[in-house]
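Have a look at the structure below, then the notes.
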There are 2 protein chains.
Amino acid sequence: MQDETTPPKPYHHGSLKEALVAAGMEILDARGLEALSLRAIAAHVGVSHTAPKNHFGSLKGLLTAIAANGFHRHRTYMLADANSDDPKQRQRAAMQGYVRFAADHPHLFRLMFSPALCSFDDPALTNAARASYGVLQDIAAGLDWDKSGLPDGARRAEMMLWSMVHGFATLQVAGMTPPDGAMLDITDIMPNFGFLAQNGTQNPHG
Amino acid sequence: MQDETTPPKPYHHGSLKEALVAAGMEILDARGLEALSLRAIAAHVGVSHTAPKNHFGSLKGLLTAIAANGFHRHRTYMLADANSDDPKQRQRAAMQGYVRFAADHPHLFRLMFSPALCSFDDPALTNAARASYGVLQDIAAGLDWDKSGLPDGARRAEMMLWSMVHGFATLQVAGMTPPDGAMLDITDIMPNFGFLAQNGTQNPHG
DNA sequence: TCACAAATGTTTCCAATGGAAATATACTGC
DNA sequence: GCAGTATATTTCCATTGGAAACATTTGTGA
């Protein structure tokens, strides 16, 4: 009963690993994190729900690979305007990229910061996450917000910057905006640290 | 076969609604958000897994009630030192309370900010969340960080404060601390806004 | 007091999920 | 060619949330 002109579906997929990650991304963006089941991903590729086990061990392993891929994209978003001449512009772009990524891929963003879903013991994931964090580190290094005299200024600067932008993105993804709810830009809530200050069109007083 | 001295378990619980919420809290703190199933909560109280439906409609309804209760506790944490004479001390205490709540009840904290798990259409939840947010609003109102000249300064001050403290708490709950990982205090990463500056023992340079 | 409705719980059943185990098929090195 | 490994399927199972039918208690109005 097999049509001879169309070759039968091969038993082996050939690049199932990559296909599963790609399928997961599509499901995430199209139907959300709650729809991202092992069976749904497998069905999207056209394999049985136990096939992924050979490549990822378990659902958590697959989600971990998806999250790692997400961190690569995340970093790309932050480096969007990395070639700009103006360092302030680069800094602004990185912050906005962090938030824009979360807005464009809210479910992927949630997955990436859910240790219950993906394993941060996996080197591929931790390396990707660290690379993404590195962009923030570079920015924080150029920051002179700290007049306290406390030690560990660099680490505290990073944590301040990360907390602010991550909190902003997280709350936005969760749909939690202040009561009256108009959309804000991350650069509009940043204090003036001697960076992000001369905000061109938006801040004529800089 | 029923022992006549011990009355048989009554068919009706009497205060199942409250008991289920309390059971959920205990499971959250003891076994985590992933263990918080409808059946687990019901079993903890000693009723069938369909009994909660009469009071909460569905699992999501029950989780919503638990989250609402969580926001009340959250607010209590933030108001821990609300009677202090020093306004700076009150502000510090509120920030630290926000973070301390997340550290003490990480799974409850995650639940409270998971719109996929609990319904923010429920007035009980939104009211509790708003009350908690009100504490932050009061603090932000006393903040003079904004020299930008942009409009909506109050709302942006709130969002800045909320983003920073929520991001810090969220990252901490997710186990994401900067690479070298020593624990920081939220007040040690806050910029000097003319508040939180004179940090007594920790900041002799204030 | 009694009939009857409403509220509260239970039992039973069902579909969906992730995973384990056994099996089938294809590739690879010798 | 042929054994051994890698890849994928089929089958089975425990767990989960929910729907439906039924049981028990409580409340209400004549």
Side-chain angles (χ1 to χ4, degrees), chain A residues 1-2 7-24 27-28 30-67 107 110-111 114-119 122, chain B residues 1-2 7-24 27-28 30-67 107 110-111 114-119 122:
Chain A
M1 288 315 208
Q2 181 72 37
K9 176 189 151 192
Y11 193 91
H12 290 295
H13 183 282
S15 54
L16 183 55
K17 201 168 184 177
E18 295 74 15
L20 287 170
V21 172
I27 292 175
L28 269 181
R31 297 194 279 146
L33 182 53
E34 282 63 38
L36 193 67
S37 70
L38 185 58
R39 290 172 121 100
I41 301 174
H44 195 275
V45 175
V47 296
S48 71
H49 83 280
T50 53
K53 189 175 193 178
N54 295 313
H55 299 277
F56 299 103
S58 68
L59 170 62
K60 192 166 188 175
L62 174 50
L63 297 186
T64 300
I66 295 173
H107 303 286
R110 271 199 293 151
L111 171 64
S114 298
L117 297 180
C118 52
S119 167
D122 186 310
Chain B
M1 291 312 206
Q2 182 71 39
K9 176 190 154 191
Y11 193 91
H12 290 293
H13 183 281
S15 54
L16 182 56
K17 202 168 184 176
E18 294 75 15
L20 287 171
V21 172
I27 292 175
L28 270 181
R31 296 194 279 146
L33 181 52
E34 282 63 39
L36 193 67
S37 70
L38 185 58
R39 290 172 123 101
I41 301 175
H44 194 275
V45 174
V47 297
S48 71
H49 84 280
T50 54
K53 187 175 194 178
N54 295 315
H55 300 276
F56 299 102
S58 68
L59 170 63
K60 191 166 189 175
L62 173 49
L63 297 186
T64 300
I66 295 173
H107 304 286
R110 272 198 294 153
L111 171 64
S114 298
L117 297 179
C118 52
S119 168
D122 185 310

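- Of the residues A/L63, A/L20, A/L16, the one that meets the side-chain contact (heavy atoms from CB on, under 4.5 Å) test with A/F56 is A/L20.
- Below the 3.5 angstrom threshold, one finds a donor paired with an acceptor across the side chain of A/T50 and the base of D/dT10.
- The NE2 atom of A/H49 sits 13 Å away from the C1' atom of D/dA14 (whole-angstrom rounding).
- Residue A/K53 places at least one side-chain N or O closer than 4.0 Å to OP1 or OP2 of C/dA20.
- Rounded to the nearest 0.5 angstrom, A/L36 CG and A/L28 CG are separated by 4.5 Å.
- When the C1' atom of D/dT16 is taken as reference, atom NZ of B/K60 falls 17 Å away, rounded to whole Å.
- In this entry the distance linking CZ of B/F56 with C1' of C/dG9 reads 15 Å, nearest Å.
- Considering only side-chain atoms of B/A51, the nucleotide from D/dA8, C/dT12, C/dG9 that sits closest is C/dG9.
- With D/dT9, C/dT17, C/dT10 as the choices, the nucleotide that has an atom nearest any side-chain atom of A/V47 turns out to be D/dT9.
- For A/R39 and B/L38, each mapped to the nucleotide of DNA chain D holding its nearest heavy atom, the one lying further toward the 5' end belongs to A/R39.
- Residue A/S58 holds its OG atom at 8.5 Å from CG of A/L38, rounded to the nearest 0.5 Å.
- Rounded to whole Å, the distance from CG on B/L62 to C1' on D/dG18 is 14 Å.
- Looking at heavy-atom distances under 4.0 Å, A/H55 makes contact with sugar-phosphate atoms alone, never a base.
- The two residues B/R110 and B/L33 make their nearest non-hydrogen contact at NH2-CB, 3.6 Å.
- Rounding to whole angstrom units, CZ of residue A/R31 and C1' of C/dT17 are separated by 14 Å.
- Between B/L117 atom CG and D/dG17 atom C1' there is a gap of 14 Å when expressed in whole angstrom units.
- Comparing C/dT17, D/dA8, C/dT12 against the side chain of A/S37 picks out C/dT17 as the nearest.
- Contact detail for A/H49 and A/A42: the closest heavy-atom pair is CA-CB, 3.7 Å.
- Look at NZ on A/K17: it is 12 Å from P on D/dA8, rounded to the nearest Å.
- Side-chain N/O atoms of A/N54 and base N/O atoms of D/dA6 include no donor-acceptor pair closer than 3.5 Å.
- What separates CD of A/E34 from P of D/dT16 is a distance of 19 Å, to the nearest Å.
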